[in-house]
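Below: one structure, written as structure tokens.
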Amino acid sequence: MRLLLLKLCPVLLFTVLCVTVLGCNVVRITLNTPLTQNDVAFIVPGQTTLADVITKLGTPDSITESHAGVVATYRFLDMKYSRINFGWLLKPFSPVDTDLIISRTGLGTDALELLCDSNWVVTHQSFLRRLSGPRFNPYPF
Amino acid sequence: MLFFKPLTGSIIVLALVMLQGCAFSRGTLGEDIRSESVAAIKKATTTKDEVLSLLGAPDRLLQVNSRDVFQYYRYDAKVGSLLLILINFSRVSIKSDDLFVILNREGIVEDVILSKRTDGMEFRFWPFGE
């Protein structure tokens with residue numbers, strides 16, 4: 001009997017897992033490659049030029065002018081979306097389609113901004129805001 | 001080793017049974033930036049008019065450091081979806097190609113900056129990890 005239970009255990013676990021993830025969607029959207037502090041560690045304010053940065057990171061998404069100098073901006077985005085429709089549980093028994101959906105979207109946006117002087121030398125660099133590191137978590141409450 | 005073969009086979013059969021379908025989608029914004037046209041632009045010799053005839057009007061015109069900057073861009077989005085019976089996975093990857101042509105006050109090209117991030121961008125399905 002115990003041996004039978006041990007054999008059935010993985011099957012039961014798999015069934016429970018399947019039932020709980022019924023009608024599940026997992027979506028991820030990324031815009032450009034997210035940059036980290038390690039990626040920009042080579043930038044030395046006052047020494048590194050914008051050309052050096054472009055050689056390593058590619059062209060920025062935008063270049064604008066400010067009173068303090070030229071601002072080059074690298075933007076990136078990481079969005080995670082997950083959704084579960086518990087209405088699927090009733091599909092075999094109900095004549096109508098019922099939905100009980102929970103979903104959640106996590107949007108992680110950030111940008112690297114470089115301030116350059118008139119000779120295109122980087123004087124300051126900073127991330128606009130740290131990526132919040134969204135997780136796949138459909139629980140919205 | 002013999003133990004793994006039936007297990008691998010079972011996983012493949014299970015995956016095939018659960019696989020409803022898959023989808024590939026692609027969206028682009030803007031024209032492809034042709035490398036030949038960019039290569040034809042020479043620093044300190046090519047004029048603004050020649051740039052315009054080679055690449056057309058810029059998507060964005062900026063004034064930076066008392067210089068005119070022509071920006072050309074193109075976006076490419078690739079979507080891969082794996083539709084299983086119980087769960088669907090989708091991954092959307094968006095990247096851009098950007099070209100900046102910096103012109104001096106005389107309208108001569110001072111610098112050309114191009115990066116093609118879309119090169120090598122693949123369709124991805126798995127939303128986890130990197």
Side-chain angles (χ1 to χ4, degrees), chain A residues 10 14-15 17-34 36 49-51 53-66 69-85 88-89 91 106 116-121 134-136 138, chain B residues 7 10 14 18 27 33 38 59-102 110-121 124-130:
Chain A
F14 180 73
T15 310
L17 187 72
C18 287
V19 167
T20 50
V21 297
L22 276 173
C24 200
N25 287 286
V26 182
V27 180
R28 184 170 178 187
I29 300 173
T30 48
L31 172 64
N32 295 331
T33 308
T36 63
T49 63
L50 185 61
V53 178
I54 288 165
T55 307
K56 292 213 172 181
L57 303 179
T59 56
D61 294 285
S62 68
I63 297 177
T64 51
E65 191 163 32
S66 73
V70 178
V71 181
T73 309
Y74 291 84
R75 291 192 183 83
F76 41 93
L77 175 147
D78 192 10
M79 194 194 99
K80 290 177 179 173
Y81 167 80
S82 48
R83 171 187 182 271
I84 297 178
N85 184 0
W88 274 52
L89 288 167
K91 271 190 189 282
C116 307
D117 62 16
S118 56
N119 297 316
W120 304 101
V121 175
R135 292 183 300 171
F136 289 109
Chain B
L7 182 68
S10 305
L14 192 66
M18 290 174 73
I33 300 169
V38 179
D59 296 299
R60 208 176 282 160
L61 180 57
L62 313 159
Q63 271 221 321
V64 175
N65 264 349
S66 306
R67 299 165 177 96
D68 280 339
V69 178
F70 288 181
Q71 184 183 2
Y72 299 86
Y73 57 77
R74 174 181 179 267
Y75 281 85
D76 195 353
K78 288 183 180 176
V79 187
S81 299
L82 199 59
L83 311 169
L84 310 176
I85 289 172
L86 301 173
I87 188 165
N88 299 332
F89 295 116
S90 288
R91 182 87 188 249
V92 184
S93 304
I94 307 167
K95 289 194 178 184
S96 65
D97 296 332
D98 292 274
L99 169 68
F100 291 95
V101 181
I102 301 169
E110 195 174 286
D111 210 348
V112 182
I113 303 164
L114 169 70
S115 80
K116 289 203 158 194
R117 295 177 183 154
T118 59
D119 283 350
M121 188 171 78
R124 293 186 289 180
F125 299 95
W126 191 242
F128 306 103
E130 273 299 301

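Within every chain, numbering begins at 1; the chains are lettered A, B, ... in the order of the sequence lines, protein sequences first and strands thereafter.
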Interface moiety of [X] toward chain A, non-hydrogen atoms closer than 4.5 Å:
| X | result |
| --- | --- |
| Arg117(B) | side chain |
| Tyr75(B) | side chain |
| Val69(B) | neither |
| Leu114(B) | backbone |
| Phe89(B) | both |

Looking only at heavy atoms, which two atoms of [X] and [Y] are closest? And how far apart?
| X | Y | value |
| --- | --- | --- |
| Pro127(B) | Val26(A) | CG-CG1, 3.5 Å |
| Ser66(B) | Glu65(A) | N-OE2, 4.1 Å |
| Lys95(B) | Asn32(A) | CA-OD1, 3.7 Å |

Quick check for you: to the nearest 0.5 Å, what is the distance between [X] atom [atom1] and [Y] atom [atom2]?
| X | Y | atom1 | atom2 | answer |
| --- | --- | --- | --- | --- |
| Asp98(B) | Tyr74(A) | CG | OH | 9.5 Å |
| Asn88(B) | Ser82(A) | CG | OG | 13.0 Å |
| Asp111(B) | Ile54(A) | CG | CD1 | 7.5 Å |
| Ile113(B) | Ile63(A) | CD1 | CD1 | 5.5 Å |
| Ile94(B) | Leu77(A) | CD1 | CG | 7.5 Å |

Measure Leu31(A) against the heavy atoms of chain B and call it side chain, backbone, both or neither at under 4.5 Å. both
Examine whether an atom of Asp61(A) lies under 4.5 Å from a heavy atom of chain B, and if so say whether it belongs to the side chain, the backbone or both; otherwise answer neither. both
Run Ile102(B) and Trp120(A) through side-chain contact (heavy atoms from CB on, under 4.5 Å) and show every step you take. CA-CA 12 Å; Ile102(B) 301 169; Trp120(A) 304 101; 4.3 Å; yes
Would you say Ser115(B)'s side chain and Thr59(A)'s backbone share a donor-acceptor pair under 3.5 angstrom? yes
Say whether, by atom type as modelled, one donor and one acceptor occur between the side chain of Arg28(A) and the main chain of Gly129(B) under 3.5 angstrom. yes
Using side-chain heavy atoms (C-beta onward) and a distance below 4.5 Å, is Arg91(B) in contact with Thr30(A)? yes
